[in-house]
K.L.:
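Next up is a structure, given as structure tokens.
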Amino acid sequence: MTDVYLNNKFVGTIENPSEFVQKIIYDRRKGVIDNNVNVFYSEKDDEVFIENSKGRVRRPLIVVKEGKSLLTDKHIQQLEKNEISWSDLVKQGVVEYLDPLEEEMAMVAFFEKDLAREHTHLEISPITMFGLITSLVPFANHTPSARINMGSKHQKQGIGIYAANYLVRMDMDVNILHYAQFPVVKTIMHDLIEYGKHPSGQNLVIAVMSYKGYNMEDAIILNRGSVDRGVGRSTYFRPAITEELSYAGGLRDTLCIPDKDVKGYRSEHDYRLLEEDGIIYPEAKIEEADVIIGKTSPPRFLSGAEEYSLASNVRRESSLSVPHGEEGIIDFVVVTESEEGNKLVQVRVRDQRIPEIGDKFTSRHGQKGIIGMILEQADMPFTASGITPDIIFSPHGIPSRQSMSHLIEMIGGKVGALSGRLIDGTTFSTTETEAGLRSELKKLGFRENGVETMYNGETGEQMIARIFIGNMYYLKLKYMVANKIQSRARGPIQLLTRQPTEGRAKEGGMRLGEMEKDTFVSHGASLLLKERFDADRTVIPVCETCGMIAVHNEYKKKSFCPVCGDSEITNIEIAYAFKLLVDELKAMCIYPKLLLRTKY
Amino acid sequence: MEEIYKEYEDKLNPAMLQEIRANVPEKISHEKLKQILDKAVEIYDGSKVSPGECIGLIAAQSIGEPGTQMVLNTFHFAGVAEMNVTMGLPRIIEVLDATKNISTPMMEIYLKKPYCDGGEEIKKIALSIKEIKLKDVATEFSINIADFTITITVDEEKIKNLSLTVSQVGKAIGKFSKNLDIKTEKNVIVAKVSQKGESINTLYKVKEKIKEVSISGMKGIKQVLPVRRGDEYIILTAGSNIKTILQLEYVDAERTITNDIAEIADVLGIEAAREAIINEVKKVIDSQGLKVDIRHIMLVADTMCVSGKVKGITRYGVVSEKSSVLARASFETPLKHIIRAAVVGEEDMLTSVIENVMLNQPIPIGTGLPGLRSKIRK
């Protein structure tokens with residue numbers, strides 16, 4: 001008796017489990033049972049599992065019978081003529097989907113030539129073991145899995161053309177690459193997904209060499225000439241969205257250029273770019289603090305006496321302005337209505353991003369790096385034929401990571417560029433081999449290992465070592481210094497603690513944390529530490545009698561203790577955060593008495 | 001000559017003086033000797049830690065920084081010749097927290113001559129040390145509800161190997177409880193339970209307890225392993241019971257050690273515990289291929305042991321001894337400390353580092369330590 005479980009629920013028992021399982025598989029292939037059903041017999045536990053629930057990871061395999069693939073040449077011809085489609089193959093039981101459990105019972109052959117009697121299935125193509133993006137890594141069968149994984153992760157971060165209609169979209173934080181190209185070294189997946197319609201990189205000339213230490217630790221050196229010609233150029237889009245909200249009592253926001261008597265009025269300069277309707281005009285050049293959409297809101301929470309006072313009955317300024325540290329050009333303005341019927345204004349800001357030191361680039365092999373220097377083309381090393389590389393890539397990144405596909409792509413790219421054809425680098429495919437590429441490169445008149453004699457761009461001297469140079473597909477990643485750069489000397493502070501604000505958008509400081517503090521302590525730099533933490537320094541009056549914080553009357557220029565009345569008051573200098581702690585202790589009914597003593 | 005040495009007695013420590021005395025040529029001019037000694041004093045003073053140096057924090061940083069590089073998954077060795085010992089960061093945490101029940105207590109038992117030469121003898125000793133429980137030698141336990149007895153069938157072969165007899169086993173069970181009446185017959189032991197409020201439940205409970213009765217060996221020693229170390233044999237044990245082990249005549253008590261620091265403190269005293277802490281921490285750091293100056297570890301061990309009891313670096317141990325309320329509150333469980341301080345009326349003299357950082361006052365360390373004294377003219 002074997003227990004049978006349907007979606008992990010016990011449903012009954014059967015006598016002959018293997019026959020039962022075979023019957024289900026047979027019926028599924030014939031189309032009697034839905035193809036979403038998977039079955040597994042565990043010999044160890046003598047249990048049968050039938051699964052047809054949602055969310056299982058399944059993959060397609062060609063069914064093999066008696067050592068022969070069910071997918072015949074006839075099928076392939078029909079497929080080529082578009083007479084049948086994928087779903088027909090599934091219906092005919094030529095291809096079936098296996099879930100991880102049923103896969104345990106399968107014996108899968110990698111290639112058709114390997115087929116033997118014991119095989120139950122045949123791999124459609126070895127790249128079905130990868131995901132879509134991972135199969136975009138060329139020659140991945142030459143590289144450790146960790147690097148392939150990184151390569152596919154980086155491609156997701158690459159800037160390209162994410163949607164053909166990006167010009168009419170209002171997406172958050174979007175980058176578009178200028179002059180995107182189809183890779184010279186491609187895989188079959190590039191064709192299948194029509195990568196040429198939304199490419200995200202450029203074919204560049206790479207020289208593998210060190211250059212004055214500016215490309216150490218994975219950094220790359222970019223050719224200024226290439227940058228000027230458009231390598232890695234991109235546009236950053238960010239929308240600014242405002243709505244005319246309505247509030248209780250018939251009050252509503254108004255989009256306009258705020259009047260000068262509005263509470264929180266900025267300055268005439270800040271509103272200079274607005275048209276009469278309070279919205280900025282397209283192609284306006286904006287800088288930090290400029291208003292994009294002018295707006296005023298009704299006064300907040302009117303109550304009691306305030307309602308009658310004139311001062312509080314003024315409308316509030318609530319315009320949308322350029323955030324700290326950003327600039328750009330107004331690209332597109334839309335005025336519509338929101339779902340609630342309110343007036344909705346969307347303004348898209350565009351900013352051209354030319355590669356600069358610190359921007360992140362990568363090849364498709366997990367070899368990411370940031371720009372360490374942008375070198376004048378005149379100073380770039382050049383080959384005998386006068387080629388200067390677009391990128392100088394450090395050789396030290398290769399041995400420890402063993403990303404051989406990076407090097408093979410360079411040779412492949414070089415062959416492709418020289419012979420004017422695309423190179424197929426599909427993983428595990430044998431159409432283009434390393435040896436084949438090498439001999440072809442030799443026929444084209446280059447050294448078969450891809451190295452060339454190069455000359456120092458500054459002195460013109462021939463370099464002793466020959467430099468490995470080739471073409472490969474490079475991607476610009478979405479992490480750019482322009483979005484990260486931050487500095488602060490003095491600036492805004494938090495209301496509660498009087499300490500500097502946190503974060504780039506709020507012009508915050510870099511926190512000197514607990515462990516950083518410890519370094520000051522262990523150096524014995526006592527006074528330096530005090531100075532570094534002086535941001536919230538305050539002077540407060542303390543009553544000598546009761547040890548509580550006293551009051552200072554600036555008008556009478558006199559301090560007094562509200563508890564003891566006329567007593568000795570001394571000013572002390574402490575961190576505001578400590579004053580806050582003392583206050584909070586008092587709120588907990590704890591009496592934190594300050595005992596004062598002369599310091600010296 | 002002697003006078004000169006005498007002069008330097010309070011400037012150099014005795015060991016140094018001894019060394020200089022031994023290495024200086026006998027016929028040396030007074031002037032030259034003085035020069036040598038002055039130079040020695042200069043080097044000695046220069047190697048001393050300056051007053052106000054923040055040694056505690058530097059020790060913490062010096063141990064903490066390599067700690068971040070420590071590999072968490074230490075190698076697990078397969079086979080009989082190795083025992084699973086906690087190493088790496090978990091072990092350091094265990095030692096510094098002064099955990100009472102460590103996860104892998106272990107002993108290295110050194111033997112006196114001739115026992116340490118190996119052979120059959122050492123296997124016998126090892127086996128006699130290992131704690132054998134009744135369940136290890138019994139093949140069957142059964143309950144007789146009618147007679148209210150527990151019948152235990154014993155594997156005679158195993159007992160023979162341990163050089164025990166069935167009646168000895170029976171006696172061992174008898175010692176466990178007064179309410180048991182033991183009768184032995186061949187390889188069967190019948191224990192009659194004569195307890196008040198007899199019920200099947202109590203009978204069952206007694207049966208379960210009897211299984212754990214130790215019939216030979218030292219309590220707590222779960223596993224023994226004779227190994228060759230250098231040119232002698234030692235016994236490694238899993239489980240530690242150094243108190244009884246040291247009393248055995250064939251054990252070399254001077255070299256036998258355990259890794260259970262609480263036990264060392266109990267049996268051998270606080271100085272031994274301090275030494276053990278240093279050794280254990282050092283062992284872990286060395287095993288990871290890291291380098292930490294031993295003096296940092298010594299300082300930590302000293303702080304843990306000054307009170308005469310081993311105190312961990314936890315909020316219940318060393319940290320609870322801090323005099324400042326604010327310093328304690330800034331470590332862990334701030335509310336507990338603040339409320340206690342409020343109830344008792346504690347006074348914080350702001351003498352240490354953390355309090356002064358909190359108030360943004362100069363910390364009494366390094367440049368913040370020295371003060372000026374002068375008369376103020378009124």
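Letters go in sequence order (proteins before strands), and every chain restarts at 1.
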K.L.:
Can you tell which part of A:L581 gets under 4.5 Å to a heavy atom of chain B, answering side chain, backbone, both or neither?
P.N.:
side chain
K.L.:
Atom CE of B:M70 and atom CD of B:Q288: how far apart are they, to the nearest 0.5 Å?
P.N.:
5.5 Å
K.L.:
Please report the interatomic distance OH(A:Y214) to CD1(A:I371), rounded to the nearest 0.5 Å.
P.N.:
15.0 Å
K.L.:
Return the minimal non-hydrogen interatomic distance between B:I58 and B:E53, and the atom names on each side.
P.N.:
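Smallest interatomic distance, heavy atoms only, reads CD1-OE2, 4.1 Å.
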K.L.:
Any Lys/Arg nitrogen of A:E516 or A:R532 sitting under 4.0 Å from an Asp/Glu carboxylate oxygen of the other?
P.N.:
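No.
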K.L.:
Does this structure show an ion pair linking A:D583 with A:K586, if we count only N-O contacts that are shorter than 4.0 Å?
P.N.:
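Looking at A:D583 and A:K586, the cut-off is met.
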K.L.:
Checking heavy atoms, do the side chain of A:A577, its backbone, both or neither come under 4.5 Å from chain B?
P.N.:
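Neither part, no heavy atoms under 4.5 Å.
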K.L.:
With a 4.5 angstrom heavy-atom cut-off, could you sort out which part of A:K593 is near chain B: side chain, backbone, both or neither?
P.N.:
neither
K.L.:
If I measure from the heavy atoms of chain A, does B:L335 come under 4.5 Å with its side chain, its backbone, both, or neither?
P.N.:
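Looking at B:L335, just its side chain touches chain A.
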K.L.:
Not counting sequence neighbours, which residues clear ring-ring contact (aromatic ring centres under 6.0 Å, His included) with A:H365? List them please.
P.N.:
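Testing A:H365 for ring-ring contact (aromatic ring centres under 6.0 Å, His included), a comparison that skips the adjacent residues, returns A:H406.
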K.L.:
Checking A:K360 against A:K368 for the side-chain contact (heavy atoms from CB on, under 4.5 Å) test, could you report, in this order, the C-alpha distance in whole Å, the side-chain angles of both residues, the deciding distance, and whether it holds?
P.N.:
CA-CA 7 Å; A:K360 197 174 173 186; A:K368 61 172 184 240; 3.5 Å; yes
K.L.:
Please state whether the side chain, the backbone, both or neither of A:I572 comes within less than 4.5 Å of a heavy atom of chain B.
P.N.:
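When you check distances to chain B, no heavy atom of A:I572 falls under 4.5 Å.
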K.L.:
What part of A:E573 is in contact with chain B, defined as an atom under 4.5 angstrom from a non-hydrogen atom: side chain, backbone, both or neither?
P.N.:
backbone
K.L.:
At a 4.5 Å cut-off on heavy atoms, which part of B:L326 comes close to chain A: side chain, backbone, both, or neither?
P.N.:
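Only the side chain of B:L326 comes within 4.5 Å of chain A.
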K.L.:
Between B:Q361 and chain A, with a heavy-atom cut-off of 4.5 Å, which part of the residue counts as in contact: side chain, backbone, both or neither?
P.N.:
both
K.L.:
Using heavy atoms and a sub-4.5 Å threshold, report which of residues 337-344 of chain B line up against chain A, by residue number.
P.N.:
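Only B:I338, B:A342 of residues 337-344 of chain B have a heavy atom under 4.5 Å from chain A.
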K.L.:
Identify the heavy atoms of B:S320 and B:R328 that sit nearest to each other, and give their distance.
P.N.:
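Reported closest heavy-atom pair: O-CD, 3.8 Å.
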K.L.:
Testing the basics here: between B:C305 and B:I277, what is the closest heavy-atom pair and its distance to 0.1 Å?
P.N.:
SG-CD1, 3.9 Å
K.L.:
Take A:T497 and A:D536, measure what side-chain contact (heavy atoms from CB on, under 4.5 Å) needs, and give me the verdict at the end.
P.N.:
CA-CA 8 Å; A:T497 59; A:D536 65 340; 5.9 Å; no
